[in-house]
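Reading through the structure tokens given below for one structure.
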Amino acid sequence: MNKVVVSSLDKKSGKSVVEIAIGRCLNKKIGYMKPIGSNPVHKGKKLVDYDALLFKEIFKIDYSIDEMSLGAHHSKIMHFYPDAKKEFMERYEKLSSRKEFFMIEGGEYIWDGAFI
């Protein structure tokens with residue numbers, strides 16, 4: 001499996017657009033994860049990351065949106081996951097299994113989540 005981390009020095013720089021273009025060109029089974037959501041939207045009664053929702057729909061990803069993101073707020077991530085690195089790795093292993101290409105999208109800035 002090939003994998004890539006897409007990040008940026010500035011928000012709204014086109015990370016998702018680049019990832020969608022790569023995924024469409026590859027014509028492979030795509031996996032996606034956005035550990036720290038930065039674009040929350042309401043889906044029913046839940047607050048989810050828009051990019052995770054978008055990738056799930058475009059690439060028919062078979063995991064829940066909740067699994068694709070740890071959360072949108074650093075303080076909540078640290079509260080719910082005392083060992084956030086371990087949680088990230090467990091989710092990565094699960095989400096990337098049976099995928100031919102896996103993308104991890106960074107937050108708004110390259111340093112988002114660095115303290116986690």
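In this structure, the separation between CD on E87 and CD1 on I77 is 10.5 Å, given to the nearest 0.5 Å. Interatomic distance, CG of L95 versus CD of E90, reported as 11.5 Å (0.5 Å rounding). We find the CD-CG distance between E100 and L26 to be 9.0 Å, quoted to the nearest 0.5 Å. K28 contributes atom NZ, which lies 12.0 Å from atom CD1 of I22 (distance to the nearest 0.5 angstrom). I36 CD1 to F88 CZ: the interatomic distance, rounded to the nearest 0.5 Å, is 9.5 Å. Rounded to the nearest 0.5 Å, atoms CE (M1) and CZ (F102) are 7.5 Å apart.
Residue pairs meeting the salt bridge (Lys or Arg N to Asp or Glu O under 4.0 Å) criterion with at least one partner in residues 40-55, sequence neighbours excluded, are K34-D49, K34-D51, K46-D66.
For I65 against A52, the heavy-atom pair with the smallest separation is CG2-CB, 3.9 Å. Nearest heavy-atom pair across D10 and K15 is O-NZ, 4.3 Å. What you find for S7 and G106 is that their closest heavy atoms are OG-CA, 4.4 Å. Of all heavy-atom pairs spanning P35 and S69, the tightest one is O-OG, 3.7 Å.
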E105/S16 under side-chain contact (heavy atoms from CB on, under 4.5 Å): CA gap, chis, key distance, verdict = CA-CA 8 Å; E105 184 170 342; S16 297; 3.0 Å; yes
task = Walk me through it: do V41 and V48 pass the test side-chain contact (heavy atoms from CB on, under 4.5 Å)?
result = CA-CA 6 Å; V41 294; V48 298; 4.0 Å; yes
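Side-chain N/O atoms of Y32 and E19 include no donor and acceptor closer than 3.5 Å.
Other residues, nucleotides and ligands place no more than 12 heavy atoms under 6.0 Å from the CG atom of N27. Heavy-atom neighbours of Y50 OH from other residues, nucleotides or ligands within 6.0 Å: at or below the threshold of 12.
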Return a table of donor-acceptor pairs under 3.5 angstrom between the side chains of residues 55-62 and protein atoms on other chains or two or more places apart.
unit_1: K56; atom_1: NZ; unit_2: I61; atom_2: O; d: 2.9
unit_1: K56; atom_1: NZ; unit_2: Y63; atom_2: O; d: 2.8
unit_1: K60; atom_1: NZ; unit_2: E57; atom_2: O; d: 3.4
unit_1: D62; atom_1: OD1; unit_2: K99; atom_2: NZ; d: 3.0
unit_1: D62; atom_1: OD2; unit_2: R98; atom_2: NH2; d: 3.1

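Counting only heavy atoms from C-beta outward, the side chains of M103 and V6 never approach each other to under 4.5 Å.
Using a 4.5 Å cut-off between side-chain heavy atoms of Ile, Leu, Val, Met, Phe, Trp and Tyr, with links allowed through other members, M33 and L47 fall into different hydrophobic clusters.
By the 4.0 Å N-to-carboxylate-O rule, R91 lies too far from E67 to be salt-bridged with it.
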